[in-house]
Amino acid sequence: MKKFDLTKRILDSGALAVVRATPERVLEIAKGIVDGGIPVMEVSYTNADAPKAIDLVHDTLGDRILIGAGTVNNGATAKDAIAHGAGFLYSPMFDAEVMSLANEYQIPYAPGCTTVTEAMTALRAGATFIKYFPYGGILGPEVIKTIKTPIPDMPLLESGGVNAGNVADWFAAGVEVVGIGGALSKGTSADIAASAKKIRAAIDAFRAK
């Protein structure tokens with residue numbers, strides 16, 4: 001049930017913030033997105049203090065936010081992220097050991113895949129979402145439509161180039177979730193909350209059709 005509940009929280013939000021920043025800045029962003037109605041965040045392990053950032057957000061916001069670990073490219077990183085309470089794993093690539101740990105600890109895993117063959121291999125191993133990386137952000141929603149035509153049940157997470165003005169286009173193309181960087185990481189917590197509210201409203205309006 002744990003993986004199901006965590007996956008549902010991600011799907012219900014429909015969007016997550018993609019963050020590379022100091023722990024203090026991560027907390028500012030976290031407060032903003034929670035206030036704006038997007039209570040899911042990925043903290044990238046490209047920053048050495050990512051574990052500290054995850055702990056800080058957990059200690060401050062508790063269950064108000066679901067925080068996961070990004071750039072999880074190997075088993076050692078996955079183990080560390082899980083030890084710090086990451087609620088999901090997010091990566092630019094598929095790694096079998098990361099997948100195995102995600103399965104063992106029953107948390108969602110969204111690996112980056114470049115080809116349909118890679119994506120299907122990851123899905124069959126247990127991946128929760130496929131991040132079509134890097135071509136989604138480069139080619140736009142049309143590439144999502146192309147994949148969804150023959151494989152409509154593939155759960156896709158788009159990360160790159162998403163903002164309030166085009167988020168509905170990505171959902172219309174068939175994504176289940178969007179990962180958002182710049183549009184949810186600039187300005188004060190109040191600025192970020194305002195941006196998050198616009199994205200929340202756009203997603204809700206699309207879903208209400």
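Atom CD of Glu28 is separated from atom CG of Asp191 by 10.5 Å, given to the nearest 0.5 angstrom. The distance from atom CD1 of Ile203 to atom CD1 of Ile38, rounded to the nearest 0.5 Å, is 5.5 Å. One finds the CG atom of Asp169 at 9.5 Å from the CG atom of Asn163 (value rounded to the nearest 0.5 Å). Taken to the nearest 0.5 Å, the CZ atom of Phe88 stands 8.0 Å off from the CD1 atom of Ile67. The distance from the CD atom of Glu42 to the OG atom of Ser91 is 9.5 Å, given to the nearest 0.5 Å. In this structure, OG1 in Thr60 is found 10.5 Å from CD1 in Ile65, a value given to the nearest 0.5 Å.
Salt-bridge formation is detected for the pair Arg200/Asp204: a Lys NZ or Arg NE/NH1/NH2 atom is positioned less than 4.0 Å from an Asp or Glu carboxylate oxygen. In this structure, Glu104 does not pair ionically with Lys79, as no charged nitrogen and carboxylate oxygen lie closer than 4.0 Å. With respect to the salt-bridge test (charged N to carboxylate O, under 4.0 angstrom), the residues Lys145 and Glu142 qualify.
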Exercise. With side-chain contact (heavy atoms from CB on, under 4.5 Å) as the test, would you mind laying out the steps for Ile147 and Tyr132 before giving the verdict?
Key: CA-CA 10 Å; Ile147 296 167; Tyr132 201 65; 3.5 Å; yes

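Looking at residues two or more places apart in sequence or on another chain, you find a side-chain contact (heavy atoms from CB on, under 4.5 Å) between Phe133 and Pro92, Lys131. Scanning for side-chain hydrogen bond (donor to acceptor under 3.5 Å, both in side chains) contacts around Tyr45 gives Asp80, with sequence neighbours left out. Looking at residues two or more places apart in sequence or on another chain, you find a side-chain hydrogen bond (donor to acceptor under 3.5 Å, both in side chains) between Ser159 and Tyr90.
Val18 is listed as a side-chain neighbour of Arg20, based on a closest heavy-atom distance under 4.5 Å. At a threshold of 4.5 Å between non-hydrogen side-chain atoms, the residues Thr114 and Pro134 count as touching. Looking at Pro141 and Asn166, their side chains never come closer than 4.5 Å, going by heavy atoms from C-beta outward. Put simply, the side chain of Ile151 reaches to within 4.5 Å of the side chain of Val116, judged on heavy atoms. Side chains of Ile29 and Ser189 form no contact here, defined as non-hydrogen atoms less than 4.5 Å apart. Two residues are said to be in side-chain contact when any heavy atoms from C-beta on lie closer than 4.5 Å; Leu16 and Met41 fail this criterion. By the 4.5 Å heavy-atom criterion applied to side chains, Leu56 and Val26 are not counted as neighbours. You'll find the side chain of Ile107 stays beyond 4.5 Å of the side chain of Lys3, heavy atoms only.
Distance alone, capped at 3.5 Å, places no donor-acceptor pair between the Lys2 side chain and the Gln106 backbone. Ser13 contributes no side-chain N or O that, together with a main-chain N or O of Arg9, makes up a donor-acceptor pair within less than 3.5 Å. Judged by distance alone, the side chain of Asn74 and the main-chain N or O of Thr77 form a donor-acceptor pair under 3.5 Å. In this structure a side-chain-to-backbone donor-acceptor pair under 3.5 Å is present from Asp95 to Val98.
At a threshold of 4.5 Å between side-chain heavy atoms, the hydrophobic network of Ile, Leu, Val, Met, Phe, Trp and Tyr places Ile180 and Val143 in one connected group. Neither Met93 nor Leu157 shares a network with the other; the hydrophobic side chains, linked directly or stepwise wherever heavy atoms of I, L, V, M, F, W or Y lie under 4.5 Å apart, form separate groups for each.
When the shell of 6.0 Å around CZ of Arg207 is examined, it contains more than 12 heavy atoms from other residues, nucleotides or ligands. By the 6.0 Å contact criterion, OH on Tyr105 is open, its count of non-hydrogen atoms from other residues, nucleotides or ligands being 12 or less. The local environment of CG in Asp63 is sparse, with at most 12 non-hydrogen atoms from other residues, nucleotides or ligands closer than 6.0 Å. No more than 12 heavy-atom neighbours from other residues, nucleotides or ligands sit within 6.0 angstrom of CZ on Arg64.
Contact detail for Ala30 and Val57: the closest heavy-atom pair is CB-CG1, 4.0 Å.
Judged purely by distance below 3.5 Å, without hydrogens or angles, the side chains of Ser100 and Asn103 never pair a donor atom with an acceptor atom. Thr71 and Ser44 share a side-chain donor-acceptor pair at under 3.5 Å.
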